[in-house]
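Before any comments, here is the structure.
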Protein chains: 2
Amino acid sequence: MARLSYKEQIQRVREDAIVEAVNRLLATKGYDAMTVDEVAAEAGMAKASVYKHFASKEDLAAAAMVRALDRAVAFVDGLREQPDASPIDQLKAVAGWAIASQLEGEMPSLPSQNSALSNSLQANEAYMDRLISLSNKLSIWITQAQTSGQISSDLPAEMMLYILFARACDPVVGMLKASGMYTNEQILAWVTATTFDGVRPPSKA
Amino acid sequence: MARLSYKEQIQRVREDAIVEAVNRLLATKGYDAMTVDEVAAEAGMAKASVYKHFASKEDLAAAAMVRALDRAVAFVDGLREQPDASPIDQLKAVAGWAIASQLEGEMPSLPSQNSALSNSLQANEAYMDRLISLSNKLSIWITQAQTSGQISSDLPAEMMLYILFARACDPVVGMLKASGMYTNEQILAWVTATTFDGVRPPSKA
DNA sequence: GTCTATACACAGATAGAC
DNA sequence: GTCTATCTGTGTATAGAC
């Protein structure tokens, strides 16, 4: 039993290495440009070994997304332990976390259009469970924020959710970063601010 | 001379068919999922014929982007003939046009991360000329809007430009459309509004 | 210039020894 | 489970006849 547990630990470590490599590659090159050979090289093992742990490239992407969603859920659960914060501030914190993750190169992003990959993801229980769980938790804050007039009730609640997911892979972040003229803190502040308040000048108090 | 002009016309028509096919495919499937076989099939000719007109798949994408930029410049030039409009309204009109184009499936979009494609585009004079021309025209309005206090001067002017380009391929549009619950007019209005005014409720007059 | 047929390369996936 | 070596499909690009 002790031996088996040790073996399982080794296996777990190697799987973690794979998923981390996938996460990095998805964050930088994207799904299509990522090759399983690269994944194997980054994880420090042979390609065939990767396929012993994951059945397909799509499964690799799904595993990375599951991990990212787990991180998101963990962050949200952390926020929920401060029930005195207003819903809008909670949502801002989530957006900020997502943008910061992208700036750090830790946010995997998939093509929103690839139907084959989308289909395999939607058939993936682990992925869907976490996606729905995260959506539900965020939707509570969204509804509260709309009820209390912190965000517009003219918009469908869904849309606020989509906006948060979209900001997690917003090309504006990459473009600002690529310009090399701004710090990560500035980019984070600007993208968060425009997400919630638009591009208008702050109204004078 | 007449014969040659006729031949040239035929050639032009076929090239248009190719570029239109590429445009549609880029708008729906994206660059990586698009194959030259599909392009040839949609354009109604053999693959080898496509390669007689364009040297590579990257050139196909570039041609579609040039056409899209030409449409954008034409739209902007149309707006410039109404100099009484305020800069912010001009920018809103541009954003609205881009979003509407996306909704109609006419806006090609490329992966923002693919370095090979990005490099070939940045080396493409026709593409870069139009991109710079469009950016310059928009930048005039952006600067004016900032000077007159219609958009925040705290943001770098570049960022407003990036935001406009980003909204032209915003996944939020596709997600709202995919939900099937809203009309194109609603989606257009919502995305435009949140781009400029954020998600806050309209302040009471 | 347009076609059919084909070359070539690359990446996903697997076989089989250890 | 891990590796090396290989299979296989697919997609870019081209040859060569007409």
Side-chain angles (χ1 to χ4, degrees), chain A residues 3-19 21-22 25-26 28-64 110-111 113-121 124, chain B residues 3-19 21-22 25-26 28-64 110-111 113-121 124:
Chain A
R3 256 190 95 98
L4 220 152
S5 169
Y6 173 75
K7 270 192 179 179
E8 279 175 0
Q9 260 190 331
I10 294 289
Q11 175 168 354
R12 179 64 176 272
V13 166
R14 288 179 72 92
E15 281 190 5
D16 278 2
I18 295 171
V19 178
V22 172
L25 289 166
L26 286 183
T28 53
K29 319 186 61 166
Y31 179 78
D32 291 303
M34 175 184 86
T35 69
V36 180
D37 291 87
E38 285 172 325
V39 174
E42 283 245 347
M45 67 189 73
K47 181 161 62 168
S49 300
V50 172
Y51 276 101
K52 289 288 180 184
H53 292 274
F54 298 92
S56 68
K57 184 182 175 184
E58 288 176 352
D59 281 7
L60 286 172
L110 303 177
Q113 296 166 323
N114 184 328
S115 59
L117 180 57
S118 303
N119 292 341
S120 90
L121 276 178
N124 185 312
Chain B
R3 256 188 96 96
L4 222 153
S5 169
Y6 173 76
K7 270 192 177 177
E8 280 175 1
Q9 259 190 333
I10 294 290
Q11 174 167 355
R12 179 63 177 272
V13 166
R14 288 178 71 93
E15 280 190 7
D16 278 2
I18 295 171
V19 177
V22 172
L25 289 167
L26 286 183
T28 54
K29 319 186 62 165
Y31 179 77
D32 291 302
M34 175 185 86
T35 70
V36 181
D37 290 87
E38 286 172 324
V39 174
E42 283 246 347
M45 68 188 74
K47 181 161 60 169
S49 300
V50 172
Y51 276 101
K52 288 289 179 184
H53 292 274
F54 297 93
S56 68
K57 184 182 174 183
E58 288 177 351
D59 281 6
L60 286 172
L110 303 177
Q113 296 166 324
N114 183 328
S115 57
L117 179 58
S118 304
N119 292 340
S120 89
L121 276 178
N124 185 312

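Below, all heavy atoms of this structure are taken into account, side chains as well, without hydrogens, waters or symmetry copies. In what follows, chains carry the letters A, B, and so on, assigned in the order in which the sequence lines appear, proteins first and then strands, with residues in each chain numbered from 1.
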May I have the distance from [X] (atom [atom1]) to [N] (atom [atom2]), rounded to whole angstrom?
X: B:L117; N: D:dT12; atom1: CG; atom2: C1'; answer: 15 Å
X: A:F54; N: C:dG12; atom1: CZ; atom2: P; answer: 15 Å
X: B:K29; N: D:dT10; atom1: NZ; atom2: P; answer: 13 Å
X: B:E8; N: C:dG1; atom1: CD; atom2: C1'; answer: 14 Å
X: A:M34; N: C:dC10; atom1: CE; atom2: P; answer: 19 Å
X: A:Y6; N: D:dG1; atom1: OH; atom2: P; answer: 14 Å
X: B:I18; N: C:dT2; atom1: CD1; atom2: C1'; answer: 11 Å
X: B:H53; N: C:dC3; atom1: NE2; atom2: C1'; answer: 12 Å

Report the C-alpha distance between A:Q9 and A:V13 in whole Å, list the side-chain angles of each, state the deciding distance to 0.1 Å, and finish with yes or no for side chain to side chain contact (heavy atoms under 4.5 Å, CB included). CA-CA 6 Å; A:Q9 260 190 331; A:V13 166; 5.5 Å; no
Donor-acceptor list for residues 47-54 of chain B side chains, cut-off 3.5 Å, not counting sequence neighbours:
residue: B:K47; atom: NZ; partner: B:D37; partner atom: OD1; Å: 3.3
residue: B:K47; atom: NZ; partner: B:D37; partner atom: OD2; Å: 3.4
residue: B:H53; atom: ND1; partner: B:E15; partner atom: OE2; Å: 3.1

Using OP1 and OP2 only, check whether a side-chain N or O of B:R12 sits under 4.0 Å from C:dG1. no
Sorted by chain and number, sequence neighbours left out, side-chain hydrogen bond (donor to acceptor under 3.5 Å, both in side chains) with B:Q113 holds for none
Sorted by chain and number, sequence neighbours left out, side-chain contact (heavy atoms from CB on, under 4.5 Å) with B:A55 holds for B:D59
Hits for side-chain contact (heavy atoms from CB on, under 4.5 Å) against B:K57, two or more places apart or cross-chain, chain-then-number order -> B:Y31, B:M34, B:V36
Checklist line | Polar side-chain atom of A:N119 near backbone of A:S115 as donor-acceptor pair, under 3.5 Å | finding: yes
Of the listed D:dT12, C:dC3, D:dT2, the closest approach to the A:S49 side chain comes from D:dT2
Heavy-atom contacts, protein to nucleotides 13-18 of chain C, under 4.0 Å, summarised as B (base), S (sugar-phosphate only) or - (none) per nt, yield BBB---
